[in-house]
Number of protein chains: 2
Amino acid sequence: MTLGGNKLSTRTAVRSSRTRGGRRVYRPRVAVDRTSPVPLYYQLAQQLEAAIRAGELTPGTRLENEVELADRCGLSRPTVRQAIQHLVDRGLLVRKRGVGTQVVQSEIRRPIELTSLHDDLLAAGREPRTSVLELGPATADERVAKELGVPAGAEVVRIRRLRRTGDEPLALLTNYLPRDLIALTADDLTEHGLYELLRGTGVNLRIANQTIGARGATAAEARLLDERRGVPLLTMTRTAYDDKGAAIEYGTHVYRASRYSFALTLVER
Amino acid sequence: MTLGGNKLSTRTAVRSSRTRGGRRVYRPRVAVDRTSPVPLYYQLAQQLEAAIRAGELTPGTRLENEVELADRCGLSRPTVRQAIQHLVDRGLLVRKRGVGTQVVQSEIRRPIELTSLHDDLLAAGREPRTSVLELGPATADERVAKELGVPAGAEVVRIRRLRRTGDEPLALLTNYLPRDLIALTADDLTEHGLYELLRGTGVNLRIANQTIGARGATAAEARLLDERRGVPLLTMTRTAYDDKGAAIEYGTHVYRASRYSFALTLVER
DNA sequence: AAGTGGTCTAGACCACCGC
DNA sequence: CGGTGGTCTAGACCACTTT
């Protein structure tokens with residue numbers, strides 16, 4: 001069934017049943033709006049995700065098969081597959097040929113995303129505060145030059161910030177950016193995350209390479225982070241690239257291990 | 001053009017040219033084998049990846065547009081898109097609507113995958129050696145029970161291993177598995193990685209939640225790892241799920257930070 | 001206006017799984 | 001064997017970017 005120009009939504013009732021084998025099959029209530037600019041596959045994916053997070057679709061439940069779901073939604077099977085694939089990629093669903101699609105038996109963590117620490121803290125409701133320790137031109141050493149794809153010795157912008165939540169120091173952030181990429185003031189950086197500022201000037205970050213490790217705090221780091229020298233710190237270095245594949249930012253960050261860790265979800269492809 | 005039952009490969013010449021704008025466009029040499037059981041999109045993806053890694057397709061190069069590439073390969077556009085999407089997901093290519101597809105300006109790191117440390121070390125050519133410190137039944141405490149989805153106090157299998165490369169201690173691995181999932185011997189674990197053994201018994205791992213942090217070594221850890229007490233260690237806890245969404249393994253690992261770090265590639269979706 | 005990727009359709013055949 | 005997801009086709013129209 002195709003709605004074509006019909007402006008009404010497609011509505012389907014919720015039905016849950018058992019197959020002959022006794023496994024629970026869930027036929028979610030779904031309604032897509034064909035007048036919305038939001039892609040149909042994305043609407044479907046969001047509704048399925050909402051059902052899972054609301055506990056309507058409980059872990060271990062088998063999802064209705066793709067063909068049937070497509071029929072009920074008035075969508076083609078490829079579109080339904082695209083929606084399900086989106087959730088599989090994010091670790092909420094698991095598919096197996098010849099068997100079906102099931103809800104994963106796990107609490108779902110928000111994976112590490114291409115966001116700044118500032119955004120992460122905001123999202124977690126933990127008011128980030130930033131002190132700008134340094135903001136200005138610097139000479140690219142070999143490492144920075146290689147990561148940013150500029151000649152060694154070229155002038156770049158260096159930013160050093162101390163980030164707190166409440167009054168507790170959390171991390172020491174050092175970033176390098178190509179010169180002339182963006183005009184920044186210390187005030188900007190105090191109020192906003194670096195990635196937020198970059199997005200605001202039309203930079204679209206797409207890919208980042210990260211390395212996560214650990215080491216003891218230097219005396220200077222310890223002083224700034226309100227710790228003792230040698231205390232274990234979590235380190236992260238990251239190079240981020242935009243939608244043209246050009247290097248935008250190279251950063252080396254250290255976090256107080258007692259107050260910060262990385263969570264991520266891996267999905268077999 | 002469709003080859004149908006034709007057993008010959010589709011061959012296309014390599015052509016590189018410049019558009020009016022002067023940007024380099026690369027038309028890769030591609031050849032798909034329709035008699036192979038390997039999916040067409042995957043064959044194409046592998047050839048594009050090979051071209052990139054071989055430096056034929058250099059960073060910043062713009063890839064031929066999808067329609068043209070599809071024509072030259074004798075494939076449909078959705079199939080070509082699937083191939084390109086595969087590489088975009090892995091961080092080798094970047095796409096932008098209205099612009100095109102470009103090779104990312106970065107050295108490509110192999111992202112963290114759903115593999116064991118044993119496999120990683122093997123792949124890196126750094127001969128892993130394993131000592132089994134413990135292998136046997138244990139009682140699930142609250143944490144383990146929650147992660148594995150069993151009742152608190154239930155019997156599970158606990159494995160403790162020390163992993164070395166050459167003679168250098170590298171990591172201390174503690175894993176919990178549901179009872180009766182797999183029959184393991186210390187010999188198995190000395191010779192093979194845990195994930196390899198699981199795969200061998202038909203377990204298909206699909207999803208894992210990981211947390212990465214840091215802390216100082218305890219006295220016991222320091223002794224086993226040939227370090228001093230309090231030295232910074234990198235920690236990773238992971239819960240892995242199979243293709244039915246059931247929890248298979250919960251592990252808490254510590255690594256010598258001086259000899260190990262995690263590398264990963266993030267892709268904006 | 002021209003060129004690009006983004007979305008979507010309505011089918012088709014196949015491989016794999018469990019009964 | 002029937003049911004499931006995996007792959008593939010040959011189009012179509014649209015949104016966005018650049019010229």
Side-chain angles (χ1 to χ4, degrees), chain A residues 1-5 10 17 19-23 25 32-45 62-71 73-88 93-102 202 204 206 242-244 269, chain B residues 1-5 10 17 19-23 25 32-45 62-71 73-88 93-102 202 204 206 242-244 269:
Chain A
M1 164 186 132
T2 302
L3 288 184
T10 305
S17 71
T19 61
R20 284 165 302 181
R23 283 194 303 275
V25 172
V32 296
D33 174 7
R34 301 191 87 99
T35 70
S36 161
V38 177
L40 301 178
Y41 83 89
Y42 195 77
Q43 291 184 39
L44 177 55
R62 215 154 65 83
L63 186 64
E64 175 179 24
N65 77 63
E66 297 175 351
V67 177
E68 200 180 299
L69 183 54
D71 273 355
C73 299
L75 297 172
S76 69
R77 187 179 160 210
T79 300
V80 169
R81 273 186 65 80
Q82 193 177 359
I84 293 177
Q85 186 61 48
H86 188 74
L87 299 180
V88 169
L93 295 176
V94 157
R95 276 201 284 213
K96 198 175 183 190
R97 189 193 319 214
V99 178
T101 304
Q102 296 188 28
N204 301 305
R206 281 295 162 79
D242 71 0
D243 51 16
K244 294 186 183 65
R269 294 177 187 282
Chain B
M1 165 187 131
T2 304
L3 288 184
T10 305
S17 71
T19 61
R20 283 166 303 182
R23 283 194 304 275
V25 172
V32 296
D33 175 5
R34 301 190 87 99
T35 69
S36 161
V38 178
L40 300 178
Y41 83 90
Y42 195 77
Q43 292 184 40
L44 177 55
R62 215 153 65 83
L63 187 64
E64 174 180 24
N65 77 62
E66 296 175 351
V67 177
E68 201 180 299
L69 183 54
D71 273 355
C73 299
L75 297 173
S76 69
R77 188 180 160 210
T79 301
V80 169
R81 273 186 66 80
Q82 193 176 359
I84 292 176
Q85 186 61 49
H86 189 73
L87 299 180
V88 169
L93 295 176
V94 158
R95 276 201 285 211
K96 197 176 183 188
R97 185 187 329 208
V99 178
T101 304
Q102 297 187 27
N204 299 304
R206 281 294 162 81
D242 71 1
D243 52 15
K244 294 186 184 65
R269 295 177 186 282

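Chain A is the first sequence line, chain B the second, and so forth, proteins listed ahead of strands; every chain is numbered from 1.
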Next on the checklist: Restricting to non-hydrogen atoms, name the atom on Asp33(B) and the atom on Thr35(B) that form the minimum distance, rounded to 0.1 Å.
Outcome noted: OD1-OG1, 2.7 Å
Checklist outcome for this item: Closest of dC17(C), dG5(D), dT18(D) to the Thr101(A) side chain is dG5(D)
Checklist entry - What is the distance, rounded to the nearest whole Å, between atom CD of Gln102(B) and atom C1' of dG5(C)? => result 13 Å
Checklist outcome for this item: Across all chains, not counting sequence neighbours, the side chain to side chain contact (heavy atoms under 4.5 Å, CB included) partners of Asp242(A) are Val203(A), Lys244(A), Ala246(A), Ile248(A)
Next on the checklist: Holding to salt bridge (Lys or Arg N to Asp or Glu O under 4.0 Å), I want the full list of residues that pass it with Asp243(B), two or more places apart in sequence or in another chain.
Outcome noted: Lys96(A)
Checklist outcome for this item: In whole angstroms, the gap separating P of dA15(D) from CG of Asp243(A) amounts to 20 Å
Checklist entry - Between Cys73(A) and Leu44(A), which heavy-atom pair has the shortest distance, and what is it? => result SG-CD1, 4.3 Å
Item to check | Candidate nucleotides dG18(C), dG5(C), dA10(D), ranked by approach to the side chain of Ser76(B) - the nearest | outcome: dA10(D)
Checklist entry - Rounded to the Å, how far apart are Arg81(A) CZ and dC8(C) P? => result 15 Å
Item to check | OP1 or OP2 of dG6(C) under 4.0 Å from side-chain N/O of Arg95(B) | outcome: yes
Item to check | Euclidean distance, atom NZ of residue Lys96(A) to atom P of dA15(C) [Å, nearest integer] | outcome: 18 Å
Checklist entry - In whole angstrom, what separates Arg34(B)'s CZ from dT9(D)'s C1'? => result 9 Å
Checklist entry - Does any residue of residues 36-43 of chain A have a heavy atom under 4.0 Å from DNA chain C, and if so, which ones, in number order? => result Pro39(A), Leu40(A), Tyr41(A)
Checklist entry - Under 4.0 Å: is that the gap between some side-chain N or O of Thr79(A) and OP1 or OP2 of dT9(C)? => result yes
Next on the checklist: Is Asn65(B) close enough to dT4(C) that one of its side-chain N or O atoms is under 4.0 Å from OP1 or OP2 there?
Outcome noted: yes
Would you list the protein and nucleotides 11-14 of chain D atom pairs, both N or O, that sit under 3.5 Å from each other?
from, atom 1, to, atom 2, distance (Å)
dA12(D), N6, Arg77(B), NH1, 3.4

Next on the checklist: With a 3.5 Å distance limit and no angle check, can you tell me whether Arg62(A) reaches the backbone of Val99(A) through a side-chain donor-acceptor pair?
Outcome noted: yes
Checklist entry - How close or far is atom C1' of dG5(D) from atom CZ of Arg62(A), stated in whole angstroms? => result 11 Å
Checklist outcome for this item: What one should report as the nearest heavy-atom pair of His86(B) and Ala45(B) is CD2-CB, 4.0 Å
Checklist entry - Are any of the side-chain heavy atoms of Thr101(A) and Leu87(A) separated by less than 4.5 Å? => result no
Checklist entry - Can you tell me how far P of dC8(D) sits from CG of Asp33(B), to the nearest Å? => result 12 Å
Checklist entry - Listed by chain and number, what are the side chain to side chain contact (heavy atoms under 4.5 Å, CB included) partners of Thr79(A), not counting sequence neighbours? => result Leu40(A), Tyr41(A), Leu75(A), Ser76(A)
Checklist entry - What residues, two or more places apart in sequence or in another chain, satisfy side chain to side chain contact (heavy atoms under 4.5 Å, CB included) together with Arg81(B)? => result Glu66(B), Arg77(B), Arg95(B)
Item to check | Rounded interatomic separation in angstrom, taking CD from Gln85(B) and P from dC8(D) | outcome: 15 Å
Checklist entry - Between Gln82(A) and Gly98(B), which is nearer to the 5' end of DNA chain C once each is assigned its nearest nucleotide? => result Gly98(B)
